[in-house]
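Since the structure comes first, as structure tokens, the remarks are kept for the end.
Quick note: numbers below take in every heavy atom, side chains included, and nothing from hydrogens, waters or symmetry partners. Proteins come first, then strands; the chains are lettered A, B, ... in the order of their sequence lines, and each starts at number 1. Note that the structure is a prediction, hence the values are computed from the model and not measured.
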Amino acid sequence: MSGSWMTTRAWLLMLPLLAVMISVIGWPLVDTVRLSFTDARLVGTEGSFVGLDNYARMLSGANFQRTLVTTTWFAVISVAAEMVLGVLAALLLNQQFYGRTVLRALMILPWALPTVVNATLWRLIYNPEYGALNAALTQAGLLDAYRSWLGEPNTALAALIVADCWKNFPLVALIALAALQAVPRDITAASMVDGAGPIARFRFVILPYLVGPLLVALVLRTIEAFKVFDIIWVMTRGGPANSTRTLSILVYQEAFSFQRAGSGASLALIVTLLVTVLAVAYAALVRKAAGSAS
Amino acid sequence: MSALDIQNIRKSYGAVETLKGIDIALQSGEFLVLLGSSGCGKSTLLNIIAGLAEATSGDIRIAGRSILGVHPKDRDIAMVFQSYALYPNLSVRRNIGFGLEMRKVPLAEREKAVAEASRLLQIEPLLDRKPSQLSGGQRQRVAIGRALVRKPQVFLFDEPLSNLDAKLRLEMRTELKRLHQILKTTVVYVTHDQIEAMTLATRIAVMKDGRIEQLGTPEEIYNQPATLYVAGFVGAPPMNMIDVEVDNGALRIVGSEVRLRLPDRFRPLLQAPVVQDKTRLALGIRPEALRLASLDQAGDQAGGHVLPVRIEVVELTGPELVATARIGPQKLTACLAPRARVGQGDVAAFAVDDDALHLFDPATGQALLA
Ligand SMILES: Nc1ncnc2c1ncn2[C@@H]1O[C@H](COP(=O)(O)OP(=O)(O)OP(=O)(O)O)[C@@H](O)[C@H]1O
Ligand SMILES: [Mg+2]
């Protein structure tokens, strides 16, 4: 009895929030679904119902497929590098040394910066005329002439990945560092007495405590990397020659640059679906890892 | 040559000195228990022996060889931790064999050693489980097994039984004693449980504030406590400490007219003269040294004394009756036979032998003529 009264009150209290969420998330989502079945343009025509035409055209188009490949490359390489860098940084910062606290604080900095600031910073570094990278490489004798890192199709994506890693590895490092501090001292001590070297210790003593938290980091980072938009938009806008065009950029171009709201909506929903599948698969993975750890 | 020689070990954390010069020499096969209350530096000393912490000064030798600066894995020691410290994702089998695996001992030999240890510890059915699938007692056995297979010169135990419930602790204590009798390896064992210390040790080092208060066999620690601290720490209920005053060659219980003849073995103190008339001393009597006696015998007897008391509380613990009494204003606890006929408020008498009297200097805490 008091249960139902409590439930009623709970719903009443939630109502304002629900109203806001329905109006800013729910309604646009429903409208996007509706749009995706029409040939609506951003301005002018309301569009008429075209069934699954948009989806068929988008999925079979060369643009979509090429973009999917680019996005996957971007996500896989940047996330893998972030995981490795993050764990290494965490292992280092978990050692006892002078100035550790300062270094720990400094490490957070790239991640704390707004993406736009970070992207702008890296544009400066990559600048073909006065960029620091060109200067450093030529002065070290590794490069003959200045290059346009972001202007050449075969280096632009790699340059973006480096910038993204620099921004996001601190998150992984932070999570890994917290996990490292949960490794019981006694077990580390026991492994020393047992004669485990650094590699065996990492594998048998440290890794079991890292796996769970790292999986969470992996999930978060993969989903974010798959949806990446801002850093690329600021640095290359998907160019040159579409070599850095990811799915989110493609959605933007379709819907806003080419003003095809209908097919843009269908593309957005496809991306949403892909990310959802990833998220669900990962969630299952995390649950499984958590189950085997305890 | 000693199996383990601890020479003037000191350890400071910043300005705080945690160990203030520890000296112990152990013969091969000895079972040394480091006994002391929390924070007295037991674990610190054990970790220094293991090589997990570094001493500020002093030396440690195992079989004559100094092991300062030697990596823990090369010290020929094995350690069992309070938290068991098992590797969570390895099977029991691999946990036990881990030290051998890391030392590149061939698989067949490893398997044999693991089988032998698990038979000794009766954990053969558990070998393929993960630590998370074991009970506390089973985990502790695995942790002991992991130390056993190494066949080290010295075993180090840091409160290995303190995470177990009372019944299991008793069982494992007996088990450890049995193992030590079979293996005859030198052991250093840390605990703050005095029963564990008394039952397991061949020698006990009672520690306080980073110093050794007394180093001796369990019998010596119990029967001839060297200081007030040791006397109070070992024994339950703790030794009664009664304020007495030297009065014409006798001991008068402060606050009453009860006088005890000074036992013969303390006589030389009067001549020395270590104690003079009116000197205040602490008279120690173990509760279990007191017997119920008849009140009309009150006074000095041949080889002993009968003290008149007033009973305040009686508690039957099962095997014994613990009576809390007053002698004058001072408290006196006695462990009596369970059927002793005393009740609250009774006026009664406790008998005690001369041999069971201990005298301490309250100023220095040292026993007089232990
Ligand atoms: N790493 C450290 N840094 C500073 N002080 C420490 C450190 N390790 C131990 N100490 C101090 O040294 C003293 C002795 O600690 P130790 O762990 O040896 O006590 P213990 O006798 O084992 O106690 P317990 O029975 O609680 O385990 C304590 O006062 C503790 O605070
Ligand atoms: Mg301790």
Side-chain angles (χ1 to χ4, degrees), chain A residues 83 87 90-91 94-102 175-219 282 284-294, chain B residues 43 46-54 67 70-91 94-105 110 130-133 139-140 142-150 152 154-160 163:
Chain A
M83 299 297 280
V87 170
L91 285 172
N94 197 40
Q95 302 295 315
Q96 205 93 42
F97 60 88
Y98 188 77
R100 177 172 75 165
T101 321
V102 175
I175 292 175
L177 191 58
L180 283 179
Q181 277 157 7
V183 177
R185 281 179 46 131
D186 277 2
I187 299 197
T188 317
S191 74
M192 277 169 72
V193 175
D194 271 340
I199 294 172
R201 189 165 331 135
F202 180 76
R203 182 150 164 241
F204 297 113
V205 178
I206 296 172
L207 203 55
Y209 290 90
L210 274 184
V211 170
L214 278 188
L215 265 177
V216 173
L218 185 72
V219 172
Y282 269 143
L285 205 66
V286 170
R287 234 189 332 266
K288 205 174 128 227
S292 69
S294 64
Chain B
S43 298
L46 203 70
N47 287 337
I48 288 173
I49 301 173
L52 299 170
E54 224 172 301
I67 52 168
V70 176
H71 191 274
K73 72 178 196 300
D74 301 320
R75 291 192 172 202
D76 214 357
I77 49 117
M79 187 154 172
V80 176
F81 296 84
Q82 176 176 0
S83 61
Y84 321 125
L86 301 178
Y87 308 116
N89 64 333
L90 299 185
S91 67
R94 273 189 84 190
N95 257 287
I96 296 179
F98 193 75
L100 302 180
E101 188 180 334
M102 291 299 115
R103 287 175 169 74
K104 310 218 159 36
V105 173
R110 232 154 66 200
K130 289 280 172 67
S132 59
Q133 300 165 308
R139 283 180 208 188
Q140 194 52 272
V142 175
I144 293 170
R146 187 171 66 185
L148 282 189
V149 290
R150 298 259 323 277
V154 181
F155 280 121
L156 307 175
F157 290 88
D158 195 352
E159 312 213 23
N163 283 356

Heavy-atom neighbours of A:Arg203 CZ exceed 12 at 6.0 Å: no

Neighbourhood of chain B inside residues 175-185 of chain A, taking heavy atoms under 4.5 Å as contact: none

Under 3.5 Å donor-acceptor, B:Arg75 side chain and B:Ile49 backbone: yes

Heavy-atom contact with chain A under 4.5 Å, split by part of B:Arg150: side chain

pair B:Asp76-B:Val154: side-chain heavy atoms closer than 4.5 Å: no

Residue A:Thr188 versus chain B: region with a heavy atom under 4.5 Å: neither

Nearest heavy atoms of B:Ile96 and B:Gly145, plus distance in Å: CG2-O, 3.7 Å

Close side-chain approach of B:Pro88 and A:Ile187, heavy atoms under 4.5 Å: yes

B:Phe98 and B:Tyr87 aromatic ring geometry - parallel, tilted or perpendicular at 30°/60° bounds: tilted

Side chain proximity check, A:Phe202 to A:Val87, heavy atoms < 4.5 angstrom: yes

Non-hydrogen atoms of B:Phe157 and B:Leu46 that approach each other most closely: O-CD2, 3.4 Å

Contacting moiety of B:Ile77, where chain A heavy atoms sit under 4.5 Å: both

Contacting moiety of B:Ala78, where chain A heavy atoms sit under 4.5 Å: backbone

